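Here the structure is a predicted model, which is why all the values come from computation and not from measurement.
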Amino acid sequence: MNALKRWNQLKGLETFQHNLDSLLLHLPAPRPERQEQLMTVTEWSPLVDISEDDKEYLIKAELPEVRKEDVKITAEKGTLTIMGERKFEKEETGRKYHRVERAYGSFGRSFSLPEDASPAKVSAEFKDGVLIVHLVKDEKVKPQQVEVKIS
């Protein structure tokens, strides 16, 4: 017997957006003929994992080589936003770059807050290049199981 599965209306749209972002992020920049490939700074978007348990939502964002001082998290008007910047290393004298494929520059990701999330109770930690955002669930909104007697 098949179990009922909760339908997530936005799952397909999120997958499409992620695939489109990945595709556009890896396109080579056009350059004039007979010119060396230029180093460019492009916009990028960190990859995230979002999970939940009974007490909280958990967002893990990959931010390698980003300092915690360069990250800002806001929760307002039903949206959680993670913004920041990964800065390009200054060229050292005597060092010539042949290829730069990693993306640098500003980034931003925004997520709609679920109804049972408490924007006033957001905390974050930064460890080993991963930003971990804890979003506590509001006790008032949690669904409760009520036993109904049939007469």
Side-chain angles (χ1 to χ4, degrees), residues 4-143:
L4 289 177
K5 201 174 189 183
R6 187 174 180 176
W7 180 50
N8 183 351
Q9 302 169 0
L10 299 177
K11 178 77 172 154
L13 185 58
E14 288 174 350
T15 302
F16 175 75
Q17 180 182 0
H18 174 72
N19 291 341
L20 185 60
D21 288 346
S22 295
L23 174 67
L24 294 177
L25 191 64
H26 293 91
L27 288 177
R31 57 188 167 104
E33 290 183 30
R34 295 189 205 138
Q35 265 193 348
E36 290 185 26
Q37 186 171 358
L38 302 174
M39 289 191 304
T40 57
V41 177
T42 61
E43 285 190 30
W44 65 285
S45 184
L47 300 175
V48 299
D49 291 337
I50 302 175
S51 61
E52 73 173 293
D53 60 20
D54 293 340
K55 297 179 183 179
E56 69 178 359
Y57 293 94
L58 191 66
I59 300 173
K60 291 184 177 182
E62 290 183 356
L63 298 174
E65 296 186 6
V66 175
R67 299 178 324 151
K68 67 180 180 180
E69 296 83 19
D70 294 331
V71 178
K72 180 180 178 185
I73 303 168
T74 58
E76 59 185 6
K77 297 180 183 176
T79 303
L80 179 87
T81 303
I82 302 171
M83 296 172 44
E85 181 178 7
R86 179 163 54 196
K87 298 176 182 173
F88 184 72
E89 305 163 357
K90 293 181 181 178
E91 283 194 44
E92 301 170 17
T93 53
R95 179 177 297 267
K96 180 179 178 183
Y97 288 90
H98 295 279
R99 181 177 297 265
V100 176
E101 294 183 344
R102 296 183 301 156
Y104 296 90
S106 298
F107 64 85
R109 295 288 307 262
S110 294
F111 307 95
S112 296
L113 294 174
E115 289 181 17
D116 62 344
S118 177
K121 297 180 182 175
V122 176
S123 63
E125 58 189 281
F126 202 80
K127 183 179 178 184
D128 299 329
V130 177
L131 174 69
I132 303 170
V133 180
H134 301 269
L135 185 59
V136 177
K137 289 184 176 181
D138 193 355
E139 294 292 329
K140 299 175 199 170
V141 187
K142 281 189 178 178

Which atom names give the shortest non-hydrogen contact between [X] and [Y], and what distance separates them?
X      : Y      : result
Arg86  : Trp44  : CB-CZ2, 3.7 Å
Pro119 : Leu135 : CA-CD1, 4.5 Å
Ala61  : Val48  : CB-CG1, 3.7 Å
Arg109 : Ser45  : CD-OG, 2.7 Å

Euclidean distance, [Y] [atom2] relative to [X] [atom1], rounded to 0.5 Å:
X      : Y      : atom1 : atom2 : result
Arg67  : Glu85  : CZ    : CD    : 10.0 Å
Asp138 : Glu115 : CG    : CD    : 11.5 Å
Leu63  : Leu47  : CG    : CG    : 10.0 Å
Ile50  : Phe111 : CD1   : CZ    : 4.5 Å

Residues passing the side-chain contact (heavy atoms from CB on, under 4.5 Å) test with Glu125, sequence neighbours excluded, are Ile132, His134

Taken in chain and number order and not counting sequence neighbours, the residues that satisfy salt bridge (charged side-chain N to carboxylate O under 4.0 Å, His left out) with Glu65 are Arg102

The salt bridge (charged side-chain N to carboxylate O under 4.0 Å, His left out) partners of Lys87 (sequence neighbours excluded) come to Asp70

Review point. Are Val66 and Val71 close enough that some pair of their side-chain heavy atoms sits under 4.5 Å apart?
Key: yes

Checklist entry - Do the side chains of Leu113 and Tyr57 get nearer than 4.5 Å, heavy atoms only? => result no

Next on the checklist: Would the distance check show the side chain of Lys137 and the main-chain N or O of Asp53 forming a donor-acceptor pair, the cut-off being under 3.5 Å?
Outcome noted: yes

